[in-house]
**Student:** 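Here it is: the structure, laid out below.
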There are 2 protein chains.
Amino acid sequence: MDADSSRLQTRSTRKRRKMQRVTMMDVAKLAQVSPSTVSLYLRKPAAVSPAAGQEIARAISALGYVPNLVAGGLAAASSKVVSIIVPSIRNAFFAETVSTLQSELAAEGLQVLLGHSEYGEDQEEALVRTALSWAPAAVVLTGLAHSAGTRKLLRASGVPVVEMWELGGTPIDMAVGFSHPQVGASAARHLLSKGRRALAFLGARMQEDHRAETRASGFAETARLGDGLSHEIINHPGAATVEAGALLLTRALERIPNLDGIACSNDLIALGALFECQRRGIAVPDAIAVVGFGDLDFSASCIPSLTTIRPSGDLIGREVARLILGSIQGDRPEGTSRIIDTGHVLIERRST
Amino acid sequence: MDADSSRLQTRSTRKRRKMQRVTMMDVAKLAQVSPSTVSLYLRKPAAVSPAAGQEIARAISALGYVPNLVAGGLAAASSKVVSIIVPSIRNAFFAETVSTLQSELAAEGLQVLLGHSEYGEDQEEALVRTALSWAPAAVVLTGLAHSAGTRKLLRASGVPVVEMWELGGTPIDMAVGFSHPQVGASAARHLLSKGRRALAFLGARMQEDHRAETRASGFAETARLGDGLSHEIINHPGAATVEAGALLLTRALERIPNLDGIACSNDLIALGALFECQRRGIAVPDAIAVVGFGDLDFSASCIPSLTTIRPSGDLIGREVARLILGSIQGDRPEGTSRIIDTGHVLIERRST
DNA sequence: TGAATGCATCATAGCGCTACGATGATCGGC
DNA sequence: GCCGATCATCGTAGCGCTATGATGCATTCA
């Protein structure tokens, strides 16, 4: 058997994988147009004649055709997927942003590929690597702190990148967020304006949650510049929970017996502190004023209602979506800013 | 110019899209093996000789090769993606499940494609349709109630499907969850056992949240069978929030003046009710006993700590992952159950 | 020693789609 | 009436990878 005949045999015996699902070709045949026209119709319906369009639409529904985005992604060298990496989806802040972002992107036919890094840079890098394997239309990261490898990967890929929930450094590409030190400063200023002088910042997991940590330093700095008699930053190594808030308040009272104002890195912690005050019979805000962060679900309704700083995860989600859609639509107008400050709002309620 | 020459011209003038990214071919060349071997190495490293494997690994890191999963997915007719559709990612229950699921799947090299249906069956169907465009390795849905179209699409696709967070009907393929009527019944039984006789179930968005609604009917049924003197189901049309809980308690007191026990479809609602009691000077549990659902973050730490029913979103996530990995590994052992009951636990605390 | 077996490696044909440029048909403008 | 422009449509070559079966070589068994 010579090479040629073996080739022939190869050709004939080769069994192709089945896959009898409906393809664009089937639609084209039924609609009596070429596959290109079907593809064109699917991507820009306006570009095909109404007659052909109708015929194609009919064929699609008759066959129950579902386009294969994997094939499309390969052919177009870019898939209709946006990869989002957050530290934790359990965190209400990020859940809110992801939720909004997902809705906005879905409206434009983009899917969301989700990953969570658990606040680890190495994990994040691994996630970015797999994310890039999907040739995503864009990548969304949380914060500005990333490993060198992550930056390199993303830069090399040429994919639009949006970093969210933090401002103040140099983004890889685009950024949407706000300044965390300023949040801390706002909280401190507010407490000082209420005549509080013995302050504490209660945070959790600040060794990993770099943004919470910068809120703390913003707070400390302003407390120092103002005439805060004393101020402390107290960290709980575990997650930011209500229970942690109670523990943190206890620790704060040990350190600053005459404590009269606290800022918390998260409303859950603030709620825990509120509960602990109630347990100890400490009047809020008379004895201790409490400022939170996040304006979570319960913050307006708890007792006393919680003064807090709202970062607006919703708005961040919406702006991220806008930037992404902008970059995908090709024209990245150099005029529009690639860094969007969504600011923060202090909402004064009964706890201060 | 005849057809043939034009064909030739076509061939020569055709400009191919650039894409100079590193491909498997580049790796193969550098490692002096064929692309097939590289592919094999990437999929089952044990199948290639150690020598070749090392050479390939070296080449991969030298070139910074990132596999293209889109191409892989197309060739293999199934991508390494699991599509998860939940009603809302803002809901702490689902956030927990998704988070766990994502971690478990990521450990096996699977990505998560996320969608949220906002409790709409039509929206869900649209999400399933796009999800299937990705030829996912599996699809995860929430609950057992889906449109006929959704079922048809999924059945036709042959993709493994897991429905989670609900049991009691016929799943499309596999299911992990628990019985919601039983949860309601447990709550009612608990209140009855505490001598409460004038009961109410407080729920939100029950016209859409079918599972909350079945918890309510389970509650009502048990309350009726027991010697509950009166029981009511009260619904808030908006989302399940702390504020809604306060409103609902107010409504319940109007309807049942001698109210002495409530079950809530969600711990956020329970917390709101707790706050409203505090505002009104109603002692909990002396005057009114409160049972929640969800065992959220704050439930153990609030005042009084909340008796609640834990559905274990974590466990659900883990079991879903197990089922998915099982189906992907090919052998669907008919022995193992395709329906897993994760049950629920009533955690008694100070509010009852 | 020759046939049978096992093992590592390879060549190649698609997977289903989109981008590119080509092809006719239609339409004004001079 | 001819030429270029415009428009809808088409043909086809990949996109980068994996599945399939073939190949060549070393090992084992009779």
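Each chain gets a letter, A, B and so on, in the order its sequence line appears, and its residues count up from 1. The figures here come from the full heavy-atom set of this structure, side chains too, leaving out hydrogens, waters and symmetry mates.
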**Student:** Looking only at side-chain N and O atoms, does B:Tyr65 come under 4.0 Å of OP1 or OP2 in D:dC17?
**Tutor:** yes
**Student:** Given C:dA19, C:dG16, D:dA19, which nucleotide is nearest the side-chain atoms of B:Arg43?
**Tutor:**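 Closest nucleotide among those given: D:dA19.
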**Student:** Could you tell me whether the phosphate oxygens of C:dC17, OP1 or OP2, come under 4.0 Å of any side-chain nitrogen or oxygen in A:Ser39?
**Tutor:**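 So the side-chain polar atoms of A:Ser39 never come under 4.0 Å of the phosphate oxygens OP1 or OP2 of C:dC17.
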**Student:** Does a side-chain heavy-atom distance below 4.5 Å link A:Ser79 with A:Leu69?
**Tutor:**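 When only atoms from C-beta onward are counted, A:Leu69 and A:Ser79 do not touch, as no gap falls below 4.5 Å.
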**Student:** Expressed in angstrom and rounded to an integer, what is the separation of A:Asn68 atom CG from C:dG14 atom P?
**Tutor:**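 Taking atom P of C:dG14 as the reference, CG of A:Asn68 is at 18 Å.
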**Student:** With rounding to the nearest 0.5 Å, note down the distance linking CD in B:Glu163 to CG in B:Leu141.
**Tutor:** 6.0 Å
**Student:** Distance check needed: D:dA19 P versus B:Lys44 NZ, whole Å only.
**Tutor:** 8 Å
**Student:** Please produce a list of atom pairs where a protein N or O lies less than 3.5 Å from an N or O of nucleotides 8-10 of chain D.
**Tutor:**
residue	atom	partner	partner atom	Å
D:dT9	OP1	A:Ser49	OG	2.6
D:dT9	OP2	A:Ser49	N	2.8
D:dC10	OP2	A:Ser34	N	2.8
D:dC10	OP2	A:Ser34	OG	3.3
D:dC10	OP2	A:Thr37	OG1	2.4

**Student:** Report the distance from atom OH of A:Tyr41 to atom C1' of C:dT18, rounded to the nearest whole Å.
**Tutor:**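 From A:Tyr41 OH to C:dT18 C1': 18 Å.
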**Student:** Compute the bend angle of the helix from C:dT1-D:dA30 to C:dC30-D:dG1 from the end axes (five pairs per end), rounded to 10°.
**Tutor:**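 For the helix from C:dT1-D:dA30 to C:dC30-D:dG1, the axes at opposite ends meet at about 40°.
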**Student:** Under a 4.0 Å N-O cut-off, is there an ion pair linking A:Asp314 with B:Arg90?
**Tutor:** yes
**Student:** Please state how far atom CG in A:Asp26 lies from atom P in C:dC15, giving the value in whole angstrom units.
**Tutor:** 12 Å
**Student:** For A:Lys29 and C:dG16, give me the distance from atom NZ to atom P, rounded to whole Å.
**Tutor:**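 One finds 12 Å between P of C:dG16 and NZ of A:Lys29, rounded.
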**Student:** Would you give the length of the straight line joining atom CG of A:Leu315 to atom CD1 of A:Ile340, rounded to the nearest 0.5 angstrom?
**Tutor:**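 One gets 9.0 Å once the value is rounded to the nearest 0.5 Å.
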**Student:** Rounded at 0.5 Å granularity, tell me how far CD1 in B:Ile172 sits from CE in B:Met174.
**Tutor:** 11.0 Å
**Student:** Rounded to whole angstrom units, what separation is found between the CH2 atom of A:Trp134 and the C1' atom of D:dC17?
**Tutor:**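 The distance from CH2 of A:Trp134 to C1' of D:dC17 comes to 12 Å, rounded to the nearest Å.
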**Student:** In whole angstroms, how far is the C1' atom of D:dG16 from the CG atom of B:Leu69?
**Tutor:**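 Spelled out: CG on B:Leu69 to C1' on D:dG16 is 11 Å.
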**Student:** Roughly how far, to the nearest 0.5 Å, is CG of B:Leu101 from CG of A:Leu114?
**Tutor:** 10.5 Å
**Student:** Is there a side-chain contact between A:Ser34 and A:Thr37 in this structure, where contact means two heavy atoms from C-beta onward sitting under 4.5 Å apart?
**Tutor:**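 Answer yes - side chains close enough.
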**Student:** To the nearest 0.5 Å, what is the distance between CD (A:Gln111) and CH2 (B:Trp134)?
**Tutor:**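 That separation rounds to 7.0 Å.
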**Student:** Strictly distance-based, threshold 3.5 Å: is any side-chain N or O of B:Thr97 a donor or acceptor partner for the main-chain N or O of B:Gly313?
**Tutor:**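 Yes; judged by distance alone, with no hydrogens or angles, the pair exists.
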**Student:** Just how far, in rounded Å, is P of C:dA8 from CD of B:Glu55?
**Tutor:**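 Taking CD of B:Glu55 and P of C:dA8, I get 17 Å after rounding.
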